[in-house]
Protein chains: 2
Amino acid sequence: MKHQQGEPIGNNLLRALRTDDWKILRPSLEHWSAPTGTLLHEPGDTVRYAYFPRGSSLVSYLVVLNDGRAIETALVGREGAVGGIVSQGRLPAYTRAEVQLGGLFFRIDLNHLEDAKSASLTLRHLFARYADCLMAQVFQSVACGAAHSIEQRTARWLLAAVERTGVDAMTVTQEQLAVMLGVGRSYLSRVIRDLRQRGVIETRRGQISIRKADRLRSLACECNAAVSHHFNDVLKGVYPAEHPHDGFPDVQPGLRE
Amino acid sequence: MKHQQGEPIGNNLLRALRTDDWKILRPSLEHWSAPTGTLLHEPGDTVRYAYFPRGSSLVSYLVVLNDGRAIETALVGREGAVGGIVSQGRLPAYTRAEVQLGGLFFRIDLNHLEDAKSASLTLRHLFARYADCLMAQVFQSVACGAAHSIEQRTARWLLAAVERTGVDAMTVTQEQLAVMLGVGRSYLSRVIRDLRQRGVIETRRGQISIRKADRLRSLACECNAAVSHHFNDVLKGVYPAEHPHDGFPDVQPGLRE
DNA sequence: AAATGTGATCTAGATCACATTT
DNA sequence: AAATGTGATCTAGATCACATTT
């Protein structure tokens, strides 16, 4: 909130910057937008930009296996950033990064980001803290996959998406979700049916809407809560809360076909 | 190799430092050792030190779930470091870090490490590159848990431990390994029996020895290879190779009760 | 045509219970 | 006593095959 003169930032990580750090970064931030399905980078690509999702924009990190399956490992929304965040500078990407829900972004050339990090210790530390939170999220996903049922993980995914975007209708086919979770489509279809029959969600072709977030929360595993707790320890106020938006518009309908 | 005058370092990440960066860090590195089972930090602890496993020392990162189970998310040996590596400075730990195979370490106060990072861009970048590789390892573990069988994951774990330590006999009970992988002890016992019957491993009470590493490699999933490939892209020469040691003694028997 | 639903069947892995080995 | 082995049984989830819906 510190550096807000009429310009809604729409990204909590950038909003958490000190005023002077924001001034360093601001000239290098480009306005950018992308529709659902856009690939930010593929495994092996040299990463040139960091992307900051704004408003309801959402990105998935995916590990692509030899057989072509792409398993999701983390979701990033307006609490964070994608691309060259953990590493410094331009490196080959390990993952695929795919826009899960289209919308607006800030984008920055990694050379500029590196310069900014060299210029400011506090800026560097903020990004390091975010990297720690992203790491925590991926750590938790390992444990989640090993320990929790498909119903729990499905509920977790839906909640994570809703919390980050502030949007309660996710545009995703059951097939896509099944691949991301690494489970069978046919079985997932039954899990989703059960959730629907209990009135927790609503479904349409290619879309799942949350009707009872609190019911979903009680069905989900502990994993989301554990991650958001770490965010609060390390980056207070960055993980999306109940009333999270800084006046940034939620919906970018044109980017969600 | 650059900065080696008779002192075997025993850690590939430190060995990859430029001579001048090594000179910055060396005075802050303390000799330290720990037996198998030592906890370096618990979830929520303020992390004060980074630890560099030397020789055959090996550390596990574990996520502790609400029900008390501790699922392993990454192994760290002489290719890396544990504690405050991704983050900067002292932060609450998200994971448990436990010594999986006792031995020697270098240890550094994180305040000193931060000072060194501030003093040297190249040192900072080396650690950032390592953080990227550690992240890749955890990413891959998410996909591995979702996609691969228990036999594949067991083979992967054994290989990862052998590659990092250079020791082909891991001191671990089947119960411990089952918990770390998040699988049933009883079922794992059968998987291990099958591997033994095929002559791939040998077992003793509380110990598993690798007899045919190449057979094990063909039974394991792709995940180890994918991670070591990324190490080679990003930190050439740091992931343990066939003849990895810089004259550092392999065995610290006193620390492995 | 792509997405979803669903019956039928299969199987990897979990769980229980208890014996055996170290 | 702790670790391991193993028979018996159960079940979450996978897979197949095909119908139905959008």
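Keep in mind it's a predicted model, so treat the numbers as computed, not measured. Reminder, nothing fancy here: chain letters follow the sequence lines and each chain counts from 1.
No hydrogens or angles considered: nothing links the side chains of B:Arg153 and B:Ser149 as a donor-acceptor pair under 3.5 Å.
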Measure all distances between protein nitrogen or oxygen atoms and nitrogen or oxygen atoms of nucleotides 16-21 of chain D, and list the pairs falling under 3.5 Å.
from   : atom 1 : to       : atom 2 : distance (Å)
D:dC16 : N4     : A:Ser186 : OG     : 3.0

Atom pairs under 3.5 Å: protein N/O with N/O of nucleotides 9-13 of chain D:
from   : atom 1 : to       : atom 2 : distance (Å)
D:dG13 : OP1    : A:Ile150 : N      : 3.4
D:dG13 : OP2    : A:Tyr187 : OH     : 3.4

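Among the heavy atoms of the strands, none lies under 4.0 Å from A:Arg153. Contact annotation for A:Thr173: backbone-only contact, meaning every heavy-atom pair under 4.0 Å involves sugar-phosphate atoms and none involves a base.
Residue pairs meeting the ring-ring contact (aromatic ring centres under 6.0 Å, His included) criterion with at least one partner in residues 57-86 of chain A, sequence neighbours excluded, are A:Tyr61-B:Phe139.
In this structure, A:Phe105 and A:Trp32 have perpendicular ring planes: the angle between them is above 60°, well past the 30° mark.
Under a 4.0 Å N-O distance rule, the pair A:Glu202/A:Arg196 does not qualify as a salt bridge.
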Side-chain donor-acceptor contacts of residues 45-53 of chain B below 3.5 Å, not counting sequence neighbours, with atom names and distances?
from    : atom 1 : to       : atom 2 : distance (Å)
B:Asp45 : OD2    : B:Glu42  : N      : 2.9
B:Tyr49 : OH     : B:Arg107 : NH2    : 3.4

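With DNA chain D read from its 5' end, the first of the two nearest nucleotides for B:Val172 and A:Gly182 is the one closest to B:Val172.
Counting only Watson-Crick or G-U wobble pairs whose defining distances are both under 3.5 Å, the stems of 3 or more consecutive pairs in DNA chain C are C:1-22 with D:1-22.
Under the salt bridge (charged side-chain N to carboxylate O under 4.0 Å, His left out) criterion, B:Arg198 pairs with B:Glu151, not counting sequence neighbours.
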